[in-house]
Number of protein chains: 2
Amino acid sequence: MYSTAVVRTPGQRAGITRDNVVAAARAILHEEGLAAVSMRHVAARLDVAPNALYSHVADKNALIALLIDAMLDGIEAPTSGPWRDRVTKILADTRTAMLAHGDLVPLCLSRQTIGPNALRLGEAILAALHVGGIEGEAAVRALQLMLVHTIGASAFEVGRRDDPDPVSRQRRGQETAAALDPATHPHTSGQSEAISRFPGETVFQLGLRLLLDGLARDAGNQ
Amino acid sequence: MYSTAVVRTPGQRAGITRDNVVAAARAILHEEGLAAVSMRHVAARLDVAPNALYSHVADKNALIALLIDAMLDGIEAPTSGPWRDRVTKILADTRTAMLAHGDLVPLCLSRQTIGPNALRLGEAILAALHVGGIEGEAAVRALQLMLVHTIGASAFEVGRRDDPDPVSRQRRGQETAAALDPATHPHTSGQSEAISRFPGETVFQLGLRLLLDGLARDAGNQ
DNA sequence: ACCTGAACACCGTTCAAGT
DNA sequence: ACCTGAACACCGTTCAAGT
């Protein structure tokens, strides 16, 4: 497929654009996962030398930032309906998009994403909060709070989904059997089954509801 | 310091233990950050060959898991006082520990941590929730919800703290100026200052309060 | 401006061998 | 069981050079 013999000499151009680079990276991300998204691998798929990418992207970090915003591409922001429903819809769609790109989720929390899609959806949420009487700095804190919940819950879910049986995996590395000892860990041992599960949709909706309830109440009290 | 000439022949032992490996990794983590925590670097600090570590640790993944649990080492779980204060104390201390080991935080969300410290603190939170009338599966979901918030907010904070001016950094890679256009992004442009800030302590305490309020209310209604 | 060749300074992990 | 030597198959990035 890719990495067929390159027949270009130093002076010739390959006709690569930044969109091409991002598209190739996305393809690799979906087909082989984040670990396979290396500069060299992306370059090979485009049939260019590894360092050719640096003409279109500052470094790998910048490429990842582009991938993150591209993940939010299809999400639309409703402009009508009750404000809480609007917020919930946007964040639920965001969660769905993140679950489809699991590898990328942990990176979303640890870097501020200010791509066009992130800005568009953030603006829509601030607009909806405004309708609900949440404005100014309070609205920004509310947005950040809900982003932490949405991205955090998604990362939590992906980690458990992609790592089916961490108990038996980690057992040959730590003394985990203590969790099952009712003497030292009565509550944990009784709920070990529930702990190993993570009903993502349920927890996401529950947390978002609790946050919105509280935020709406705080706004009303002022 | 390390990587002085190794004078051991194949048959001889270096006397390394797993605790030594973890300690060396922690030292590197603190002094040079997560990126510097490589198997080869850790081995060099212990004056052993890179592959010698595999006698004490399954792979790098297992080493990271040990580092994560070690991060929670000093946190104590209160056994008296109001149940909400107990939960808040444990999670606030967890947040503090995470902020001190910023690099590690994103990894905490994407992998289930079942080391002894994580289990100990989880048990303490479940015990406190029990006092508050939150039991069984509801308690587990409450715990997961609060962990998502605590770890998520920490990751959010670290990402912004360690990346001081992401706007000017990413500007040479995406069209971010749209955020400042009042026509398309009225709410965002008006709050761009507040958005670039993230008052970690405030947001953490706010979110935890809202979650606990809601959880307590839900428990009372049943 | 865009691309290649070559290189630098790294990675994690495995395999065979030594005591 | 614990460790070394050597190797495999990779990384991201830079520098000089070509058109």
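Numbered from 1 within each chain, the chains take letters A, B, ... in sequence-line order.
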Open item on the list: Rounding to an integer number of angstrom, what distance separates C/dC10 and D/dA9 when you compare their P atoms?
Closed with: 22 Å
Open item on the list: Whole angstroms only, please: what is the CG-P distance between A/D47 and C/dC2?
Closed with: 19 Å
Task: C/dC3 phosphate, OP1 or OP2, under 4.0 Å from A/H56 side-chain N/O - done: yes
Open item on the list: If you assign each of B/R13 and B/P50 to its closest nucleotide in DNA chain D, which residue comes earlier from the 5' end?
Closed with: B/R13
TODO: Whenever both distances are under 3.5 Å in a Watson-Crick or G-U wobble pair, mark it; put DNA chain D into dot-bracket that way, with [ ] for crossing pairs and | when the partner is on another strand.
DONE: ||.|||||...|||||.||
- [ ] For A/S196 and A/E193, indicate whether the former's side chain and the latter's backbone hold a donor-acceptor pair under 3.5 Å.
- [x] yes
- [ ] Can you tell me the distance, in whole Å, between the OH atom of A/Y54 and the P atom of C/dT4?
- [x] 14 Å
TODO: Test A/M39 against every option in A/L63, A/D59, A/V21 by the side-chain contact (heavy atoms from CB on, under 4.5 Å) rule and name the one that passes.
DONE: A/L63
- [ ] Provide, to the nearest angstrom, the distance between the CG atom belonging to A/L46 and the P atom belonging to C/dC2.
- [x] 15 Å
Open item on the list: Please compare A/G15 and B/M39 by the position of their nearest nucleotide in DNA chain C and report the one closer to 5'.
Closed with: A/G15
Open item on the list: In this structure, how many angstroms lie between the C1' atom of C/dT14 and the NZ atom of B/K60, rounded?
Closed with: 17 Å
- [ ] Between D/dC3, C/dC2, D/dT13, spot the one nearest the side chain of B/R8, thanks.
- [x] D/dC3
- [ ] Please state whether the phosphate of D/dC11, meaning OP1 or OP2, lies under 4.0 angstrom from any side-chain nitrogen or oxygen of A/S38.
- [x] yes
Task: Parallel, tilted or perpendicular: ring planes of A/H149 versus A/F204, cut at 30 and 60 degrees - done: parallel
- [ ] Consider the side chain of A/R40, meaning its heavy atoms from C-beta on, and name the nucleotide among C/dC3, C/dG12, D/dG12 that approaches it most closely.
- [x] D/dG12
- [ ] Nearest whole angstrom, please: distance from the P of D/dC2 to the CG of B/N20.
- [x] 13 Å
- [ ] Just do the side chain to side chain contact (heavy atoms under 4.5 Å, CB included) check on A/L129 and A/M146 with the steps written out, would you?
- [x] CA-CA 12 Å; A/L129 290 174; A/M146 292 189 292; 4.1 Å; yes
- [ ] Take the protein atom CG of A/L63 and the nucleotide atom C1' of D/dG12, then report the distance between them rounded to whole Å.
- [x] 12 Å
Task: Nucleotide nearest B/H41 (side chain, heavy atoms from C-beta), chosen from C/dC11, C/dC3, D/dC2 - done: C/dC11
TODO: Identify whether any heavy atom of B/A14 sits under 4.0 Å from a base atom; if not, whether one sits that close to sugar-phosphate; answer base, sugar-phosphate or nothing.
DONE: sugar-phosphate
Task: Distance-only polar pair, side chains of B/N20 and B/T17, donor-acceptor under 3.5 Å - done: yes
- [ ] Output yes when a side-chain donor or acceptor of A/R111 lies under 3.5 Å from a complementary backbone atom of A/I64, and no otherwise.
- [x] no
Task: Spacing of A/I16 atom CD1 relative to C/dA1 atom P, expressed in whole Å - done: 18 Å
Task: Minimum heavy-atom distance between A/A24 and A/V42, given as atom pair plus value - done: CB-CG1, 4.0 Å
Task: Shortest side-chain distance from A/A49, nucleotide among C/dT4, D/dT13, D/dT4 - done: C/dT4
TODO: Looking only at side-chain atoms of A/S55, point me to the closest of C/dC2, C/dT13, D/dG12.
DONE: C/dC2
Task: Single hit among B/D19, B/D103, B/D73 for salt bridge (charged side-chain N to carboxylate O under 4.0 Å, His left out) with B/R26 - done: B/D73
Task: Integer angstrom distance from the C1' of D/dC11 to that of C/dC8 - done: 12 Å
